[in-house]
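Everything on this sheet refers to the single structure shown next.
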Amino acid sequence: TCSVAQKELNELERWKEEHRPGPIKLVPQRLGGKESEAQARQNQQMMLMQSKYQQKHKREEYVKAKKAAEEAEILKKKAIQREKAERLEVKKRQQEMQRREMFLEDQYYKTNELLNRLDLGLPKSDSCQIANRGPESTAWSRSHTYKQALREDENRRLEEMKQEQRRKAELMEFKQKQEEEARTRAHQNEQRRVNNAFLDRLQNKTQPNSIYQPGYSG
């Protein structure tokens with residue numbers, strides 16, 4: 001058995017020697033790309049610089065966008081606070097006008113009541129008294145005229161206060177409308193600026209080699 005195994009091993013070794021591959025013969029040819037090593041290194045350096053510039057540009061754009069968002073948020077908060085303050089001021093003015101109107105009405109009623117009490121002590125005018133006016137009739141006429149003048153003056157003052165309140169309300173409404181239009185225009189301008197910046201970045205991405213064209217100062 002050992003001799004048979006040894007014989008088979010010898011035959012295997014002999015077969016390997018007989019079928020061993022010979023030397024490979026290839027036609028000599030030049031390997032590698034068309035560019036030289038110096039040109040390849042230069043291109044690699046330019047690509048590295050371009051990548052660094054793009055990363056720097058992205059960081060700057062991110063910082064600008066973040067700063068613009070923060071400033072817009074601050075302006076929005078200030079506008080809300082200013083609007084609240086203006087509403088509070090309008091409310092205070094309206095309350096003051098209402099208090100003045102109530103005070104004038106109270107004064108009007110008190111003056112009316114006083115004149116009515118004075119009228120109670122004066123004699124009633126009849127046809128004879130109208131025909132022959134005496135001192136009492138003259139006093140009653142003066143009191144009546146004075147009371148009517150007070151009423152007209154009070155009514156005039158109340159009407160003037162109401163008109164003044166209406167004018168202030170219209171002026172405040174006009175001012176609020178102007179501020180709202182200004183905020184709308186500012187928002188549209190900011191949105192337009194952001195859109196333009198986005199389009200510029202998109203154009204730069206579609207033309208990555210534009211920064212290396214002749215005449216670019218970097």
Side-chain angles (χ1 to χ4, degrees), residues 1-92 171-218:
T1 302
C2 292
S3 61
V4 173
Q6 186 64 36
K7 182 179 179 181
E8 291 179 353
L9 288 174
N10 294 333
E11 290 178 356
L12 178 61
E13 291 295 333
R14 185 171 57 255
W15 183 88
K16 287 181 179 182
E17 288 293 335
E18 292 176 355
H19 293 82
R20 177 178 296 179
I24 298 175
K25 295 182 181 180
L26 296 176
V27 179
Q29 60 182 354
R30 183 177 180 180
L31 301 178
K34 296 181 180 180
E35 297 179 351
S36 62
E37 181 180 358
Q39 185 66 29
R41 291 186 179 276
Q42 184 179 0
N43 293 338
Q44 184 181 9
Q45 186 68 20
M46 291 177 64
M47 292 178 62
L48 180 62
M49 291 175 61
Q50 182 180 1
S51 176
K52 288 183 178 180
Y53 174 79
Q54 290 178 351
Q55 291 178 1
K56 181 181 178 181
H57 183 68
K58 288 182 179 179
R59 286 195 299 268
E60 291 177 352
E61 288 294 329
Y62 173 75
V63 172
K64 288 181 181 179
K66 185 178 180 181
K67 186 176 180 181
E70 292 176 353
E71 291 178 354
E73 186 67 21
I74 292 173
L75 291 176
K76 182 180 178 181
K77 290 181 179 179
K78 287 183 177 179
I80 293 174
Q81 293 296 330
R82 183 168 57 254
E83 187 175 356
K84 288 182 179 179
E86 290 176 354
R87 289 180 180 177
L88 182 61
E89 184 67 22
V90 172
K91 186 177 180 180
K92 288 182 179 179
L171 180 61
M172 184 59 64
E173 183 180 358
F174 178 72
K175 184 179 179 181
Q176 290 179 354
K177 185 178 179 180
Q178 282 186 331
E179 292 179 353
E180 182 65 25
E181 291 177 354
R183 285 195 294 268
T184 302
R185 287 195 298 270
H187 178 71
Q188 291 176 351
N189 292 334
E190 178 64 19
Q191 189 67 26
R192 191 178 296 109
R193 187 189 67 80
V194 173
N195 291 339
N196 291 334
F198 173 75
L199 292 176
D200 291 340
R201 291 196 301 271
L202 185 62
Q203 185 177 4
N204 291 334
K205 288 181 179 179
T206 56
Q207 299 176 356
N209 296 326
S210 61
I211 61 173
Y212 298 107
Q213 293 177 356
Y216 178 73
S217 59

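If you read the sequence from its start, that first residue is 1, and numbering goes on from there.
In summary, R20 and E17 engage in a salt bridge, as defined by a charged side-chain N under 4.0 Å from a carboxylate O.
Note that CG of N43 is 8.5 Å distant from CE of M47, once rounded to the nearest 0.5 Å. One distance of note links NZ of K67 with CD of E70; it measures 9.0 Å at 0.5 Å rounding. Atom OG1 of residue T184 and atom NE2 of residue H187 lie 8.5 Å apart, to the nearest 0.5 angstrom. Taken to the nearest 0.5 Å, the NZ atom of K84 stands 11.0 Å off from the CG atom of L88. A distance of 10.5 Å separates CG in N196 from CD in Q191, rounded to the nearest 0.5 Å. Considering CZ of R82 and CG of L75, their distance stands at 8.5 Å, rounded to 0.5 Å.
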Stepwise side-chain contact (heavy atoms from CB on, under 4.5 Å) check, R201 with H57: CA-CA 9 Å; R201 291 196 301 271; H57 183 68; 4.2 Å; yes

Steps toward salt bridge (Lys or Arg N to Asp or Glu O under 4.0 Å) verdict (R87, E83): CA-CA 6 Å; R87 289 180 180 177; E83 187 175 356; 2.7 Å; yes

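Counting only residues at least two apart or on different chains, the salt bridge (Lys or Arg N to Asp or Glu O under 4.0 Å) pairs with a member in residues 171-190 are E180-R183, E190-R193.
When the side chain to side chain donor-acceptor pair (under 3.5 Å) test is applied to E71, no partner is found at least two apart in sequence or on another chain. Qualifying side chain to side chain donor-acceptor pair (under 3.5 Å) partners for E86, counting only residues two or more places apart in sequence or in other chains: none.
For the side-chain hydrogen bond (donor to acceptor under 3.5 Å, both in side chains) test with W15, the passing option among E11, H19, E13 is H19; the others fail.
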